[in-house]
Every structure is written in C-alpha cells, then in structure tokens.
Amino acid sequence: MEIELHPAVSLLEETFNVLIAPVDMLVDALNHHLNLQRYKILFVSGNYSRILSRLDRNFTDLDIRRAFTSFQLMTILEENHHSFLIVEHDPMLYEDAKQMVEYVGQALKQTSREATILLYAPALDPHLQTMTDMADRVFCFYEVQSRGRTKANTRMQESQATLEAFS
C-alpha cells in the first residue's frame with residue numbers, strides 16, 4: 001500500500017523516505033490528505049517546527065514529540081509504536097554531536113522496518129546528505145527564484161545616481 005502525499009510523492013509502507021521541499025509543499029500535502037489520519041502518525045520535530053503551526057485544525061489524530069538532542073531523537077525512534085513517522089530534520093541537533101548523524105540515519109533505517117519514515121527538510125545540509133545515503137527513496141523539490149527585475153528594483157535603480165570614481 002502506498003501513502004500518497006503529493007502527485008509526485010508516494011511513500012511505500014515500511015520504507016525510509018527523505019523529502020527536501022519547500023515548507024508549503026509538505027503543509028499542503030498534509031492538510032489536503034486528511035485520510036492520512038487512518039495511520040497512527042507521530043510527528044517528531046526538533047527545537048523549532050516550521051510545520052506544526054500551519055497544520056489544519058481538522059488534522060487531529062497526530063501524536064507529537066520533540067527531540068532537543070540527537071540522543072532524544074534516537075530514544076524516540078527506539079520507543080516507536082506508530083505506523084507512520086514524520087521527522088522534521090533539525091541540523092542544530094548535530095552541532096555538538098556530529099558523530100551522531102550516521103547513527104540517527106541508521107536508526108531511521110532500522111525503524112523503517114516496522115513503520116513508514118518521512119524525514120523532511122526544506123533544504124539539503126551536510127548532516128541530511130549523510131542520512132540520505134541510507135534512505136530507500138529521496139524526493140527533492142526546489143523553488144526556482146526569478147532573476148528578473150521587479151518593479152521596486154527597477155524604480156530604485158532609476159532613482160539612484162552614480163558617484164564618480166575616486167582615482
């Protein structure tokens with residue numbers, strides 16, 4: 001059975017998945033797929049969550065735990081009894097314990113033998129890169145920034161005067 005979060009993102013049961021995407025993409029996926037609540041879901045965040053405050057009020061069947069250190073995250077994974085885990089990646093968990101990145105990745109992989117794991121981050125960082133090597137599937141979506149001039153930039157450039165160079 002597959003868990004479809006987005007037309008381009010479907011998660012197979014009992015796999016370790018990594019999603020690197022804008023925050024809005026995951027929030028919209030969770031808010032528009034309320035049928036996900038048929039799974040026993042655990043949302044694990046770090047020191048700060050970009051996702052939780054933006055979830056729809058109708059998304060009610062969700063257990064939440066916070067991991068303030070990589071060791072706490074390992075404990076949460078060991079004690080897991082949920083069928084679907086969403087882990088919001090927090091690179092700050094590894095600042096004082098860089099050696100724990102690989103152990104956490106292995107724990108996520110191990111936990112995926114009994115539950116579907118989605119490790120989410122808005123951008124790739126060196127810690128997440130190490131963990132993606134252990135994932136079954138990795139989904140990457142990036143926002144494309146427009147390099148064209150906006151009206152505000154054009155007006156500002158038109159009103160600026162160039163000073164003569166000093167020799």
Side-chain angles (χ1 to χ4, degrees), residues 2-33 36 39-55 59 62-148 150 153:
E2 292 185 7
I3 301 170
E4 185 176 323
L5 285 179
H6 182 271
V9 179
S10 60
L11 311 176
L12 299 175
E13 286 190 20
E14 297 181 355
T15 57
F16 173 26
N17 305 275
V18 176
L19 173 63
I20 303 164
V23 174
D24 291 338
M25 183 177 172
L26 181 60
V27 169
D28 290 344
L30 294 174
N31 285 338
H32 290 97
H33 290 89
L36 289 173
Y39 298 97
K40 191 167 184 163
I41 302 174
L42 174 64
F43 188 94
V44 182
S45 70
N47 296 305
Y48 172 77
S49 176
R50 296 178 173 114
I51 307 296
L52 287 175
S53 63
R54 300 175 66 189
L55 289 180
F59 205 95
L62 179 73
D63 292 333
I64 300 169
R65 301 239 354 232
R66 287 198 178 223
F68 295 104
T69 67
S70 56
F71 298 101
Q72 287 179 340
L73 178 55
M74 294 280 289
T75 301
I76 291 168
L77 294 173
E78 288 172 8
E79 296 172 350
N80 176 54
H81 59 275
H82 294 78
S83 58
F84 183 30
L85 276 80
I86 302 171
V87 181
E88 189 172 1
H89 176 67
D90 184 354
M92 296 299 291
L93 298 182
Y94 311 101
E95 288 304 311
D96 294 333
K98 293 184 186 340
Q99 73 280 7
M100 290 301 294
V101 173
E102 192 168 328
Y103 293 119
V104 169
Q106 290 171 353
L108 288 164
K109 181 69 173 175
Q110 177 71 29
T111 305
S112 74
R113 293 181 180 163
E114 299 168 1
T116 303
I117 306 290
L118 177 65
L119 177 60
Y120 167 75
L124 189 62
D125 62 55
H127 306 302
L128 184 61
Q129 178 65 45
T130 300
M131 287 186 246
T132 59
D133 293 340
M134 295 174 233
D136 296 311
R137 299 174 88 183
V138 178
F139 302 93
C140 295
F141 298 90
Y142 291 100
E143 292 179 316
V144 178
Q145 299 286 330
S146 173
R147 295 195 178 259
T150 62
N153 286 343

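Taking every heavy atom of both residues into account, Ala123 and Leu128 meet most closely at O-CD2, 3.8 Å. Annotation for Arg50 and Pro122: closest pair NH1-CG, 3.0 Å, computed over non-hydrogen atoms. Of all the heavy atoms in Gln72 and Ala67, the pair that sits closest is OE1-C, 3.6 Å.
With contacts defined as side-chain heavy-atom distances shorter than 4.5 Å, the pair Met134/Glu102 qualifies. Residues Met131 and Val87 fail the side-chain proximity criterion, which asks for heavy atoms closer than 4.5 Å. Side chains of Val104 and Leu93 form no contact here, defined as non-hydrogen atoms less than 4.5 Å apart. Leu73 has its side chain within reach of Tyr94: a pair of non-hydrogen atoms, C-beta onward, lies under 4.5 Å apart. At a threshold of 4.5 Å between non-hydrogen side-chain atoms, the residues Glu95 and His127 count as touching. Side-chain contact check for Leu5 versus Leu36: some heavy-atom pair is nearer than 4.5 Å. The closest side-chain heavy-atom distance from Thr116 to Leu12 is not below 4.5 Å. Side-chain contact between Leu55 and Leu62 is present, with at least one heavy-atom pair separated by less than 4.5 Å.
No donor-acceptor pair closer than 3.5 Å links the side chain of Ser83 to the backbone N or O of Ala115. Remark: the backbone N or O of Ala21 is paired with a side-chain donor or acceptor of Tyr120 at under 3.5 angstrom. The backbone N or O of Val9 lies less than 3.5 Å from no partner atom in the side chain of Arg137, so there is not a single donor-acceptor pair. A donor-acceptor pair is defined here as one N or O able to donate and one able to accept, closer than 3.5 Å; no such pair exists between the side chain of Asp96 and the backbone of Thr69.
For the atom pair Leu118 CG and Asn17 CG, the distance stands at 6.5 Å (nearest 0.5 Å). A distance of 8.0 Å separates CG of Leu19 from CG of Leu11, quoted to the nearest 0.5 Å. Summarising the geometry, atom CG belonging to Asp24 is positioned 8.5 Å from atom CD1 belonging to Ile51; distances are rounded to the nearest 0.5 Å. To the nearest 0.5 Å, atom CD of residue Gln106 and atom OG1 of residue Thr130 are 11.0 Å apart. In this structure, the separation between OG1 on Thr111 and CG on Asn80 is 6.0 Å, given to the nearest 0.5 Å. Note that CD1 of Ile86 is 11.5 Å distant from CG of Asp63, once rounded to the nearest 0.5 Å.
Residues that satisfy the salt bridge (charged side-chain N to carboxylate O under 4.0 Å, His left out) test with Arg65, not counting sequence neighbours, are Glu79.
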Exercise. Can you list the steps and then say if Glu13 with Tyr39 is a side-chain contact (heavy atoms from CB on, under 4.5 Å)?
Worked result: CA-CA 11 Å; Glu13 286 190 20; Tyr39 298 97; 4.1 Å; yes

For this session: Start with the C-alpha distance between Asp136 and Lys109, add both sets of side-chain angles, then the distance that settles side-chain contact (heavy atoms from CB on, under 4.5 Å), and finish with yes or no.
Result: CA-CA 8 Å; Asp136 296 311; Lys109 181 69 173 175; 2.3 Å; yes

For this session: Carefully, step by step, assess Asp90 and Tyr48 under the rule side-chain contact (heavy atoms from CB on, under 4.5 Å).
Result: CA-CA 8 Å; Asp90 184 354; Tyr48 172 77; 5.7 Å; no

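Atom CZ of Phe141 sits in a crowded spot, with more than 12 heavy atoms from other residues, nucleotides or ligands closer than 6.0 Å.
Here ring pair (Phe, Tyr, Trp, His ring centres under 6.0 Å) pairs that include residues 63-88, with residues two or more places apart or in two chains, number zero. Sorted by first and then second residue, the salt bridge (charged side-chain N to carboxylate O under 4.0 Å, His left out) pairs involving residues 113-133 (not counting sequence neighbours) form an empty list.
Taking the six-membered ring wherever Trp is involved, the centroid distance between the rings of Phe139 and His6 does not fall below 6.0 Å.
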